[in-house]
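Quick note on labels: first sequence line is chain A, next is B, and so on, each numbered from 1.
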2 protein chains.
Amino acid sequence: MSKVEAVQNPPRGELLRIVDSALSSEAILTIFARCRVHYDGRAKSELGSGDRVIIIKPDGAFLIHQSRKREPVNWQPPGSFVTVEERDGVIILRSVRRKPKEILEVELEEVYLVSLFKAEDYEELALTGSEAEMAEMIFRNPELIEPGFKPLFREKQIGHGIVDILGRDRDGNLVVLELKRRKADLHAVSQLKRYVEALEKEHENIRGILVAPSLTSGAKKLLEKEGLEFRRVQPPKREKLGKSRQKTLF
Amino acid sequence: MSKVEAVQNPPRGELLRIVDSALSSEAILTIFARCRVHYDGRAKSELGSGDRVIIIKPDGAFLIHQSRKREPVNWQPPGSFVTVEERDGVIILRSVRRKPKEILEVELEEVYLVSLFKAEDYEELALTGSEAEMAEMIFRNPELIEPGFKPLFREKQIGHGIVDILGRDRDGNLVVLELKRRKADLHAVSQLKRYVEALEKEHENIRGILVAPSLTSGAKKLLEKEGLEFRRVQPPKREKLGKSRQKTLF
DNA sequence: ACCTACATATCGTCT
DNA sequence: AGACGATGTGTAGGT
């Protein structure tokens, strides 16, 4: 069997054959169709008739894309189970997720293209510039925070949450760091404040420092009101990513 | 021109013709290919050679899907601008976003299928069960919170954030509601606490109530420690959605 | 353009 | 399975 099969305006039998073949062979199924979509689960939705791109992956992920936006208009996450039915002469793709219980149904009104793709892919994304890499950088180079700072714990569970980095300053005071790889907002300040207050039950002179490339105006205001601190730090980008080697794009 | 064009194992000229045609005609371009992907922008990533599904929408949204997960492995949001180049005999799809500056490059090593889909779709999703509908329900039926509760403001800007619902209880005390359509977590409690504390500067006896279908264990603990309250409320699902009419799926 | 918060968020990690 | 927090979060709505 070849890596790709594709049929335009497939007759019903051909459509069912390719759909069944894809669902039973670890292939990605892609359908261009006019369809209606019904979803019921964590929320509930209806989508009237229109042309969409439907993708069903071998892990159960189910995507319905309109011609705009990055996000699918309807979907089902991996682990969902797909079946094909025929009701009143209309072919229906039905995807069921067990927990939480969610059902997605697609009425295929007209299929313009059905295709199957046995994708072979052994590569994983190598990404740099994450918050985890900021933390590594600070552990290797604690003076990025301030002279004498000593990081002690990473991802430390405390009373009400998990602190990014817990350490001590040159005077021995406990210091909580909350890292953000992008501009920090009110939410980030609330998070930091929650950690500081949880630790204040058992320690004195806790300092809380928000570590990020920048701050929103509201975050700055709240941070100052709460007596918390800010250190400007950019998330680092590694020179080499994974096994590949690549010049910068710009 | 027809709604769909699709060519398997296209020769270079045919590939370029369909790509150009799609990019200049408001069509969705879909490519099954072995490719490498390079991204640099808010972060930076590399993805080695493998088979993927590439989708480019007329609004500039650019998706690269592997055979697992709901999320694209790489992407570009709507508004990005696509060009096609040839470097050392390899065709490269290049998508540029202006702000923030982000570049995505896909080296097409082997194209198994290229297709174009002039999707016509005038329908929008009608969704029910959102937090906004919870708020409407509470305004219509304030005793869902407690007897004598009077909602006054919706999405009210206060000192440090935007309160979901601000009202008064039967005794005239100011009440802040934080609504969650799903199980509320530590983050939700911190949010509520932030609003209550912002209002405490100018008012006395502020009550904070977290309104959600359930609570995580940690949220319950923090809520109690902070003297905040909880009301169990499910997000409502409307019977009719938009213009369509539909029996429940289960 | 910035800020704020929701989302059927999804996803990974740890308990 | 539940809890917790990051994400190149995306997206909408307000100012």
Asks: Taking only the P atom of each, what is the distance from dC4(D) to dG8(D) in whole angstrom?
Replies: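 Pairwise P distance, dC4(D) against dG8(D), rounds to 23 Å.
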Asks: For Leu125(B) and His160(B), find the nucleotide of DNA chain C closest to each by heavy atoms; which residue's nucleotide sits nearer the 5' end?
Replies: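 That would be His160(B).
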Asks: Using 0.5 Å steps for rounding, measure from the NZ atom of Lys156(A) to the CD1 atom of Ile165(A).
Replies: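 So the gap between those two atoms works out to 14.0 Å.
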Asks: Could you tell me whether the side chain of Arg182(A) and the main chain of Pro235(A) form a donor-acceptor pair under 3.5 Å?
Replies: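 Pair absent, no side-chain N/O of Arg182(A) close to backbone of Pro235(A).
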Asks: Within the side chain of Lys220(A), is there an N or O that forms a donor-acceptor pair under 3.5 Å with the backbone of Phe230(A)?
Replies: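 Pair absent, no side-chain N/O of Lys220(A) close to backbone of Phe230(A).
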Asks: Classify Pro78(A) by what it touches in the nucleic acid, base, sugar-phosphate, or nothing, heavy-atom distance under 4.0 Å.
Replies: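 Since only primed, P, OP1 and OP2 atoms lie under 4.0 Å of Pro78(A), the category is sugar-phosphate.
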Asks: Whole-Å distance between dT11(D) P and Leu127(B) CG?
Replies: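 For the pair Leu127(B) CG and dT11(D) P, the rounded distance is 15 Å.
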Asks: For Tyr39(A) and Ala43(A), indicate whether the former's side chain and the latter's backbone hold a donor-acceptor pair under 3.5 Å.
Replies: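 At least one qualifying donor-acceptor pair exists.
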Asks: Can you list, in residue-number order, the parts of residues 128-135 of chain B that come under 4.0 Å of DNA chain C, counting heavy atoms only?
Replies: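 Under 4.0 Å from DNA chain C: Ser130(B), Glu131(B).
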Asks: Measure the distance from CD on Glu178(A) to P on dC4(D) and round it to the nearest whole Å.
Replies: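 Rounded to the whole Å, the gap is 15 Å.
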Asks: Check the phosphate of dG8(D) against Arg97(B), side-chain N and O only, distance under 4.0 Å to OP1 or OP2. Yes or no?
Replies: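 Arg97(B) to dG8(D) OP1/OP2: no side-chain N or O under 4.0 Å.
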Asks: Distance from Cys35(A) atom SG to Leu47(A) atom CG, nearest 0.5 Å?
Replies: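 Here the rounded value is 7.0 Å.
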Asks: If the C1' atom of dC11(C) is compared with that of dA7(C), how far apart are they to the nearest Å?
Replies: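 Each nucleotide's C1' atom is 14 Å from the other's.
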Asks: Suppose we call a contact any N or O donor and acceptor under 3.5 Å apart; does that hold for the side chain of Asp164(A) and the base of dG5(D)?
Replies: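 No, the side chain and the base share no sub-3.5 Å donor-acceptor pair.
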Asks: Which part of the nucleic acid, if any, lies within reach of Ser45(B) when heavy atoms closer than 4.0 Å are counted: base, sugar-phosphate only, or nothing?
Replies: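 Nothing, no nucleic acid heavy atom in range.
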Asks: Please tell me whether Glu133(B) and Thr128(B) have a donor and an acceptor in their side chains that are separated by less than 3.5 angstrom.
Replies: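 Their side chains do contain a donor-acceptor pair, which is all the 3.5 Å distance test asks for.
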Asks: Could you tell me if Ser190(A) and Arg194(B) have a donor-acceptor pair between their side chains, going purely by distance under 3.5 Å?
Replies: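 Judged by distance alone, the side chains do pair up.
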Asks: Salt bridge (Lys or Arg N to Asp or Glu O under 4.0 Å) for Glu131(B) and Arg181(B)? Distances and angles first, verdict last.
Replies: CA-CA 5 Å; Glu131(B) 187 193 283; Arg181(B) 65 169 307 287; over 6 Å; no
Asks: Under 3.5 Å, is there a donor on one side chain and an acceptor on the other for Glu109(A) and Ser49(A)?
Replies: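 Yes, side-chain donor-acceptor contact under 3.5 Å.
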Asks: Expressed in angstrom and rounded to an integer, what is the separation of Leu63(B) atom CG from dG10(D) atom C1'?
Replies: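 In whole Å, dG10(D) C1' lies 12 Å from Leu63(B) CG.
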Asks: Does a donor on one side chain sit under 3.5 Å from an acceptor on the other, for Lys57(B) and His65(A)?
Replies: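 The answer is yes; a qualifying pair exists.
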Asks: Can you check the Leu222(B) CG to dA3(D) P distance for me, whole Å?
Replies: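 After rounding, the reported distance stands at 14 Å.
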Asks: Of all residues at least two apart in sequence or in a different chain, which pass the ring pair (Phe, Tyr, Trp, His ring centres under 6.0 Å) check with Phe117(B)?
Replies: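 Testing Phe117(B) for ring pair (Phe, Tyr, Trp, His ring centres under 6.0 Å), a comparison that skips the adjacent residues, returns Phe32(A), Tyr112(A).
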Asks: Does anyone know the first and last nucleotide of DNA chain C in reach of chain A, 5' to 3', at under 4.0 angstrom to a heavy atom?
Replies: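 Result: dC3(C) to dC11(C).
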Asks: Which part of the nucleic acid does Pro77(A) contact within heavy-atom distance under 4.0 Å: base, sugar-phosphate only, or nothing?
Replies: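 Contact class for Pro77(A): sugar-phosphate only.
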Asks: Which pair of heavy atoms, one from Ile28(A) and one from Pro58(A), lies closest together, and at what distance?
Replies: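 Looking at all heavy atoms of both residues, the closest pair is CG1-CD, 3.9 Å.
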Asks: Between Lys99(B) and Lys180(B), name the one whose nearest nucleotide on DNA chain C is closer to the 5' end.
Replies: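 The residue closer to the strand's 5' end, by nearest nucleotide, is Lys99(B).
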Asks: So which heavy atom on Ile55(A) is nearest to which on Ile55(B), and how close?
Replies: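 Closest approach of Ile55(A) to Ile55(B): CD1-CD1, 3.4 Å.
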Asks: If the cut-off is 4.0 Å, is Thr216(B) near the phosphate of dC4(D), judged by side-chain N/O to OP1 or OP2?
Replies: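 Thr216(B) to dC4(D) OP1/OP2: side-chain N or O found under 4.0 Å.
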Asks: Please measure how far the P atom in dT8(C) lies from the corresponding atom in dT4(C), and state the result in whole Å.
Replies: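 Here dT8(C) and dT4(C) have their P atoms 23 Å from each other.
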Asks: Among side-chain atoms of Glu105(A) and His38(A), is any donor-acceptor pair under 3.5 angstrom?
Replies: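 Per modelled atom types, Glu105(A) and His38(A) side chains form no pair under 3.5 Å.
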Asks: Write down the distance separating the C1' atoms in dC6(C) and dT7(D), rounded off to the nearest Å.
Replies: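 Pairwise C1' distance, dC6(C) against dT7(D), rounds to 15 Å.
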Asks: Just the table, please: protein N/O against nucleotides 12-15 of chain D N/O, every pair under 3.5 Å.
Replies:
{"unit_1": "dA12(D)", "atom_1": "OP2", "unit_2": "Lys69(A)", "atom_2": "NZ", "d": "3.4"}

Asks: Using Watson-Crick and G-U wobble pairs whose two distances are both under 3.5 Å, how do you write the pairing of DNA chain C as dot-bracket, with | for links to another strand?
Replies: |||||||.|||||||
Asks: Are side-chain N/O atoms of Ser67(B) and Asp121(A) paired as donor and acceptor at under 3.5 Å?
Replies: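 Not at all, the side chains of Ser67(B) and Asp121(A) share no donor-acceptor pair under 3.5 Å.
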Asks: Check DNA chain D against residues 181-203 of chain B and give the residues with a non-hydrogen atom under 4.0 Å, in numerical order.
Replies: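 Going residue by residue through residues 181-203 of chain B, the ones with a heavy atom under 4.0 Å of DNA chain D turn out to be Lys183(B), Leu186(B).
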Asks: In this structure, how many angstroms lie between the C1' atom of dG5(D) and the CD1 atom of Ile158(A), rounded?
Replies: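 After rounding, the gap between these two atoms is 13 Å.
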Asks: Could you go through the salt bridge (Lys or Arg N to Asp or Glu O under 4.0 Å) check for Lys237(A) and Asp40(B) one step at a time?
Replies: CA-CA 10 Å; Lys237(A) 288 184 187 177; Asp40(B) 198 351; 2.9 Å; yes
Asks: With a 3.5 Å cut-off and heavy atoms only, can you find an N or O donor on one side and an acceptor on the other between the side chain of Glu71(A) and the base of dG10(D)?
Replies: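 Flag unset: no donor-acceptor pair detected.
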Asks: List the steps, then state whether salt bridge (Lys or Arg N to Asp or Glu O under 4.0 Å) holds for Arg70(B) with Glu71(A).
Replies: CA-CA 10 Å; Arg70(B) 202 210 78 143; Glu71(A) 291 301 299; 2.5 Å; yes
